[in-house]
There are 2 protein chains.
Amino acid sequence: MDKLLKIGEVAKQANITVETLRFYQSEQLLIPKMSNQSGYRLYSVQDQQKLNFILHSKKVGFSLSEIKQLLSLRTDKDQHTCEEVKNYTGDKIDEIESKIHDLQKMSLALSNLHNACCGGSESAKQCTILNSLDDPELFANSNNKTLGKNHD
Amino acid sequence: MDKLLKIGEVAKQANITVETLRFYQSEQLLIPKMSNQSGYRLYSVQDQQKLNFILHSKKVGFSLSEIKQLLSLRTDKDQHTCEEVKNYTGDKIDEIESKIHDLQKMSLALSNLHNACCGGSESAKQCTILNSLDDPELFANSNNKTLGKNHD
DNA sequence: CTTGACCCTAAAGTACACTATAGGGTTTAT
DNA sequence: ATAAACCCTATAGTGTACTTTAGGGTCAAG
Ligand SMILES: [Zn+2]
Ligand SMILES: [Zn+2]
Ligand SMILES: [Zn+2]
Ligand SMILES: [Zn+2]
């Protein structure tokens with residue numbers, strides 16, 4: 001019933017290498033059970049969910065040691081007080097909200113560039129609308145200026 | 001009129017070290033003008049905005065080489081066609097939206113933990129509500145389960 | 001019963017993003 | 001005019017997160 005996958009199958013599904021999975025084990029991030037007749041690693045569905053969390057967290061800029069702490073909130077509850085859990089999660093939530101905010105600004109700035117550009121095969125140097133936003137949009141603290149379309 | 005700051009002042013404002021700024025120059029990411037009487041680096045307001053963009057982009061998981069490409073959209077327009085610009089920005093926007101999505105899931109999962117935990121000084125092992133969410137919330141593909149409050 | 005695809009450990013090597021060190025010039029304030 | 005506080009270059013070293021190498025076991029298919 002509890003489907004266990006071997007390292008190669010997990011790696012393939014997650015689009016990472018088996019070496020990365022062994023590395024995560026050596027770092028105590030994701031510890032599968034080991035088959036005691038073959039010595040092979042066997043990953044449960046929960047292990048695969050955990051791996052998903054690791055990969056998504058990495059993508060948005062968390063380090064492996066931060067991810068380890070996040071995972072330990074669930075796994076090592078008895079090592080923390082409720083106060084610690086509450087403070088830590090509160091701080092992380094703030095951090096995440098700030099990342100979301102930064103990403104929304106970047107998305108807006110790039111959308112302005114994207115919408116302004118005609119997408120044709122000529123040099124973007126000629127793209128006057130692209131030229132017209134020559135100071136701010138891509139940078140932080142940008143304002144929400146909307147632009148028209150097309151060249152010249 | 002154009003206020004130029006020395007490296008130490010810029011570093012202090014951005015809360016990074018002068019070595020990092022010199023490193024960014026060596027990587028062609030942020031190239032200030034050099035005073036030709038003292039040989040000191042002089043950073044313009046635009047340079048500082050650029051630095052802001054670099055720092056915010058880094059925070060959300062972009063590598064220095066990705067950031068360099070993003071910056072080059074504005075700086076080296078003549079080296080790209082409109083088509084390239086449009087495709088590149090389109091792809092980056094998708095990537096950013098996906099990061100936002102992941103962060104929103106993490107935020108929700110951590111908020112559930114945060115709201116469930118009483119914040120008291122006892123071991124979180126005792127925190128039955130924290131115990132009750134013992135499989136999914138923190139992990140990817142989580143669903144939006146809302147929890148009550150308090151211990152026992 | 002062997003061959004190929006897969007798995008194992010241990011240890012060395014690599015890419016990225018800094019960080020520190022050595023040796024020296026510039027500015028500013030007393 | 002001299003000393004603290006700042007700046008410079010060049011180069012070596014560090015931490016993180018893998019990646020590769022070397023030398024073997026395991027397992028399903030033919
Ligand atoms: Zn264009
Ligand atoms: Zn165009
Ligand atoms: Zn609690
Ligand atoms: Zn509690």
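In what follows, chains are A, B, ... by sequence order, proteins preceding strands, each numbered from 1. Excluded from the calculations below are hydrogen atoms, water molecules and symmetry mates; all remaining heavy atoms, backbone and side chain alike, are included. Computed from a predicted structure; not experimentally measured.
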Interatomic distance where CG belongs to A/L64 and P belongs to D/dA17 [whole Å]: 4 Å

Those residues of residues 38-45 of chain B lying under 4.0 Å from DNA chain C by at least one heavy atom: B/S38, B/Y40

Whole-Å gap separating C1' (D/dG25) and CG (A/N36): 16 Å

Chain B contact limits on DNA chain C, taken 5' to 3' with a cut-off of 4.0 angstrom to heavy atoms: C/dA17 to C/dT27

Distance in angstrom units between A/I54 CD1 and D/dA17 C1', rounded: 13 Å

For atom CD of A/Q69 and atom P of D/dT16, their distance in whole Å: 13 Å

DNA chain D contacts made by residues 12-32 of chain B, counting heavy atoms under 4.0 Å: B/R22

Distance in angstrom units between A/E9 CD and D/dA28 C1', rounded: 13 Å

ILVMFWY cluster, A/I93 and A/L103 together (side-chain gap under 4.5 Å): yes

Non-hydrogen atoms of A/V85 and A/H80 that approach each other most closely: CG2-CB, 4.0 Å

Carboxylate-amine/guanidinium contact B/E9 B/K12, below 4.0 Å: no

Main-chain N/O of A/G61 paired with B/K59 side-chain donor or acceptor, under 3.5 Å: no

d(CD, B/Q37; C1', D/dC6) in whole Å: 15 Å

ILVMFWY cluster membership beyond B/L42 - transitive side-chain contacts under 4.5 angstrom: B/L4

Side chain to side chain contact (heavy atoms under 4.5 Å, CB included) against A/S57, all qualifying residues, sequence neighbours excluded: A/F53, A/F62, A/I67, B/M106

All side chain to side chain contact (heavy atoms under 4.5 Å, CB included) counterparts of A/Q25, not counting sequence neighbours: A/I31, A/P32, A/M34, A/R41

Flag for A/S63-A/K68: side-chain donor and acceptor within less than 3.5 Å: no

Within one Ile-Leu-Val-Met-Phe-Trp-Tyr cluster: B/I7 and B/Y40, side-chain cutoff 4.5 Å: no

Over 12 non-hydrogen atoms of neighbours within 6.0 angstrom of NZ in A/K125: no

Charged N-O contact under 4.0 Å between A/K92 and A/E95: yes

Presence of B/K6 side-chain N/O under 4.0 Å of D/dA5 phosphate oxygens OP1/OP2: no

